[in-house]
Amino acid sequence: MPFLNPKEYCSTGTMPRIEEDLDVRCEWTAEGVKLFFNDIYVARLEAGSKPGWSRLAKKPGPLAALLESQ
């Protein structure tokens, strides 16, 4: 079951809605995977990382760390 990050850890930024025409792309690296929605870098996951990184994290929290801009 997906859990919500507490409000104080969430950015008010926007991301494309997950809809049928959304272009979802994964970029695999030696460390893990980067996720893109319509060419917008939205998340990164790495083996053993707890938590992963999200574009919508405002500060590091229990469910997501800050995603660096790349």
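Values below: all heavy atoms of this structure, side chains included; hydrogens, waters and symmetry mates excluded. Bear in mind that the values here come from a model prediction, so they are computed numbers and not experimental data.
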Pairs involving residues 8-17, ordered by first then second residue, that meet salt bridge (charged side-chain N to carboxylate O under 4.0 Å, His left out) (sequence neighbours left out): R17-E19
Salt bridge (charged side-chain N to carboxylate O under 4.0 Å, His left out) contacts in which one or both residues fall within residues 51-67, not counting sequence neighbours: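 For residues 51-67: none.
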Verify same cluster id: Y41, V33 (apolar side-chain graph, 4.5 Å):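 No.
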Provide the closest heavy-atom pair for [X] versus [Y] in the form atom of the first, atom of the second, distance.
X   : Y   : value
N38 : P16 : ND2-CB, 3.9 Å
P51 : P62 : CB-O, 4.1 Å
L45 : G52 : CD2-CA, 4.1 Å

Nearest-0.5 Å distance that lies between atom CD1 in I18 and atom CZ in F37: 4.5 Å
Nearest-0.5 Å distance, CD1 of residue I40 to CZ of residue R25: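 Going from the CD1 atom of I40 to the CZ atom of R25 covers 11.5 Å.
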Side chain proximity check, P60 to L66, heavy atoms < 4.5 angstrom: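 Yes, at least one pair of side-chain atoms sits under 4.5 Å.
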Y9: hydrophobic cluster co-members (side-chain, 4.5 Å):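 Cluster partners of Y9: none, it stands alone.
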